[in-house]
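Residue numbers begin at 1 in each chain, while the letters A, B, ... track the order of the sequences. Fair warning: this is a prediction, and the values are worked out from it, not measured in the lab.
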2 protein chains.
Amino acid sequence: MAATLLEQRDSSSPARVRLIDVARAVGLTKGTVSRALNDHPDIAETTRLRVRRTAQRLGYRPLAHAQAIRTGRVRSIGLVLQINEHDGHRPFLADFLAGVSQAASGEDWTMTVATAATEADTLRLLSTLWEDRKADGFILPRTYVEDARITTLRDMRVPFVLYGRTGDDTGCAWFDIDSEAAMAEAVSRLRALGHDRIGFVPGGEGPMYARLRWQGFCEGMAREGLPVDPGLVGLPALDRAAGAAATRGLLARDDAPTAVIFAVDQAALGAYDVARDRGLRIGRDLSVVSYDGIPEGALMDPPLSTWAVDTRAAGARLADMLIARARGTPPEDLRALGHATFLSRGSEGPAPGRADAP
Amino acid sequence: MAATLLEQRDSSSPARVRLIDVARAVGLTKGTVSRALNDHPDIAETTRLRVRRTAQRLGYRPLAHAQAIRTGRVRSIGLVLQINEHDGHRPFLADFLAGVSQAASGEDWTMTVATAATEADTLRLLSTLWEDRKADGFILPRTYVEDARITTLRDMRVPFVLYGRTGDDTGCAWFDIDSEAAMAEAVSRLRALGHDRIGFVPGGEGPMYARLRWQGFCEGMAREGLPVDPGLVGLPALDRAAGAAATRGLLARDDAPTAVIFAVDQAALGAYDVARDRGLRIGRDLSVVSYDGIPEGALMDPPLSTWAVDTRAAGARLADMLIARARGTPPEDLRALGHATFLSRGSEGPAPGRADAP
DNA sequence: CAAGGTTCAGAAACCGGTTTCGGCAACCCT
DNA sequence: AGGGTTGCCGAAACCGGTTTCTGAACCTTG
């Protein structure tokens with residue numbers, strides 16, 4: 001007459017199949033069944049198969065939190081999002097979550113999400129989520145050159161995977177998009193259109209992606225035999241207003257660039273504002289190429305040419321990597337680069353005074 | 001010599017404080033301590049306080065999954081997002097999650113998020129997340145007039161809270177924004193600007209919010225003494241292209257409306273496309289008012305006037321309600337309406353041929 | 001002052017799994 | 001043939017909590 005919780009055989013809830021039920025059905029003890037399902041070496045192959053089939057037939061699914069009491073693992077991916085001022089990753093969030101969730105589901109894992117307002121919040125949340133075993137590891141989005149999350153988690157020996165790279169990636173697993181290559185190719189494309197004064201608006205010092213995009217720009221310039229004139233490097237810009245300011249700075253020079261590459265789309269939007277004010281036509285008088293693939297870019301006139309990232313695939317990849325990491329794969333074996341896709345949508349064109357421009 | 005998991009007293013991990021540690025420190029059995037912390041009535045008040053202080057001093061925090069093995073509750077809010085074709089709630093997702101996460105943290109709850117591609121996926125995920133007790137209840141965003149999630153969860157006696165209303169809300173807890181009032185006031189504002197032929201582009205039949213916004217429009221028209229001419233009601237539109245088509249339909253009439261209210265911002269963006277094609281100036285030749293407050297609206301020229309929702313606050317409210325629901329508050333006591341804020345940004349103006357228009 | 005009721009905490013079972021330990025049988029080897 | 005492995009599974013402890021059962025001490029009350 002053991003009353004379980006609220007509902008028992010409420011006709012609605014068909015009484016969950018437990019390990020002991022499988023054991024009885026197959027005529028073994030629950031310890032043996034547990035070892036069989038977890039592929040312990042001291043179980044005969046025939047027994048293992050017999051158990052597995054019975055479990056399958058009965059529809060047995062272990063309760064993660066019951067397992068966790070002994071193993072300490074709940075089969076959950078942790079994700080702490082820092083939502084602050086210029087929340088850059090908004091438009092990609094849904095796709096990213098979809099990717100992580102899908103890959104996690106495939107392995108019977110779930111996703112525990114928390115949000116933080118500050119870095120201190122983030123660190124606190126990472127610690128408690130780990131200590132309370134709400135997650136078996138974390139995906140860290142938006143990495144920085146120096147990233148407190150990484151040192152914290154590394155010290156606590158917590159499994160984690162970076163979405164992006166970092167200054168010192170010792171002991172770090174990561175997945176990133178090869179934005180250097182994208183930026184370098186952006187230079188080459190503009191060069192092929194006749195531009196030889198190509199400006200760059202960087203994204204600042206802190207975010208790792210900003211550094212890498214800057215490096216990529218430099219590599220592209222070197223490859224094309226163009227010098228990186230300091231006068232062609234604008235002020236760092238991560239939002240529209242700063243992007244406009246940076247653009248004005250670049251256009252103020254006598255030998256102003258005929259094309260500008262922006263590290264981030266948001267900043268590139270500012271170029272449109274400046275162009276409108278000055279009567280410049282983007283894609284003709286001034287070419288613009290950027291990176292991120294934000295949806296707003298498609299609404300501009302002309303639509304912004306940019307490098308888009310398959311964020312959903314990235315999320316899925318990262319989830320798989322984290323699960324592998326939590327299962328013991330060394331971080332050094334979990335590092336990979338993906339690539340961005342160029343969306344040529346009209347904001348870049350031939351250099352003025354050449355080819356088809358009058 | 002009991003080896004726990006991987007790390008034990010690794011100097012880095014200071015050995016978690018367990019219930020038994022508190023019990024020993026306070027000189028009671030762990031059963032008693034458990035009852036004291038859970039406010040059982042058979043514990044003396046002085047004892048309860050003594051236990052609570054000791055637990056506090058030692059920094060005791062119960063492991064949710066260890067509690068769950070007996071109670072079946074893991075202190076987690078479930079959220080299944082359906083990410084499909086015209087993913088409307090993208091821009092608000094981060095804010096929404098931030099709200100839920102923040103409120104959940106306050107009660108020592110966490111948030112388990114999953115994404116689905118189809119309705120069948122959604123239902124499957126809700127079931128498994130519940131059966132595996134990965135969540136103690138769910139927040140259901142984007143409700144429909146007839147919503148399979150609701151009937152499923154109601155049948156399974158799962159706690160849930162709607163973000164939005166539904167056709168039959170028996171047994172439903174919900175929080176929603178009073179979009180009827182917003183739409184009605186939009187009519188009044190346009191009427192005050194001299195418009196007497198006001199069109200409406202609805203959002204379709206399925207989503208509950210679409211029905212309510214339509215009702216709100218009708219109420220507003222009635223309040224202003226204006227008839228709802230069927231010719232002033234456009235085709236349903238949820239995205240930009242459909243919004244443009246609906247606008248063309250409305251403008252094709254002889255007695256075309258001078259102002260159009262859109263149920264959703266995305267559709268309203270289409271009006272800009274039509275206006276540009278025909279040389280109409282939004283805010284002068286054609287007034288547009290909409291609802292949602294998507295960020296793209298601010299980028300339009302002129303910026304879109306719309307009703308914005310504090311999605312973050314809504315998320316926090318819903319989280320609190322769900323926790324209350326999971327703790328036993330009857331659904332009827334958990335129903336509330338919030339309100340939207342009008343952002344007058346320039347896409348609405350005096351009716352042509354009146355006041356300052358030549 | 002004895003009978004009966006309350007108050008409160010200890011003891012032990014329990015939740016659903018995992019892991020350790022020990023033992024039996026079958027096999028291997030000289 | 002006998003001793004030592006090896007393969008395989010049962011029994012029981014264990015994880016960190018919650019809940020039930022029981023009984024001692026105290027309080028009423030007639």
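- Judged by distance alone, the side chain of Asp147(A) and the main-chain N or O of Arg149(A) form a donor-acceptor pair under 3.5 Å.
- Spacing between atom CG of Leu63(A) and atom C1' of dG17(C) amounts to 8 Å, rounded to whole angstrom units.
- Going from atom CG of Leu19(A) over to atom C1' of dC15(C) covers 13 Å, rounded to whole Å.
- Thr112(B) places a side-chain N or O within donor-acceptor distance of the main-chain N or O of Lys134(B), the cut-off being under 3.5 Å.
- Both His40(B) and Ala66(B) lie near DNA chain D, and the one whose nearest nucleotide falls closer to the 5' end is Ala66(B).
- A cation-pi arrangement is present between Arg165(A) and Trp174(A), with the terminal nitrogen or guanidinium carbon under 6.0 Å from the aromatic centre and inside a 45° cone about the axis.
- The shortest side-chain heavy-atom distance between Leu19(B) and Ser34(B) falls under the 4.5 Å cut-off.
- Rounded to a whole Å, the CD1 atom of Ile20(A) is 10 Å from the P atom of dG17(C).
- Here the P atom of nucleotide dC15(D) and the CZ atom of Arg73(A) are 16 Å apart, to the nearest Å.
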| said: Each nucleotide in nucleotides 9-14 of chain D should get exactly one letter: B, S or -. Can you fill that in based on protein heavy atoms under 4.0 Å? | reply: BBB--B
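- Counting heavy atoms from C-beta on, the side chains of Met156(A) and Glu131(A) come closer than 4.5 Å.
- Side-chain contact annotation: Arg35(A) with Thr32(A), donor-acceptor N/O pair under 3.5 Å present.
- One can place CG of Asp132(B) at 13 Å from C1' of dG16(C), the figure rounded to the nearest angstrom.
- With Leu322(B) as the fixed residue, the side chain to side chain contact (heavy atoms under 4.5 Å, CB included) test singles out one of Ile139(B), Leu140(B), Leu334(B): Ile139(B).
- At whole-Å resolution of the value, CG in Asn38(A) and P in dG17(C) are 11 Å apart.
- The distance from atom CZ of Arg61(B) to atom P of dG17(D) is 11 Å, rounded to the nearest whole Å.
- End-to-end axis angle of the helix from dC1(C)-dG30(D) to dT30(C)-dA1(D), from C1' rotation axes over five pairs per end: 40° (rounded to 10 degrees).
- Note: Tyr144(A) OH to Ile150(A) CD1 = 11.5 Å, rounded to the nearest 0.5 Å.
- Rounded to whole Å, the distance from CG on Leu37(B) to C1' on dA9(C) is 15 Å.
- The shortest distance between side-chain heavy atoms of Phe138(B) and Ile77(B) does not fall below 4.5 Å.
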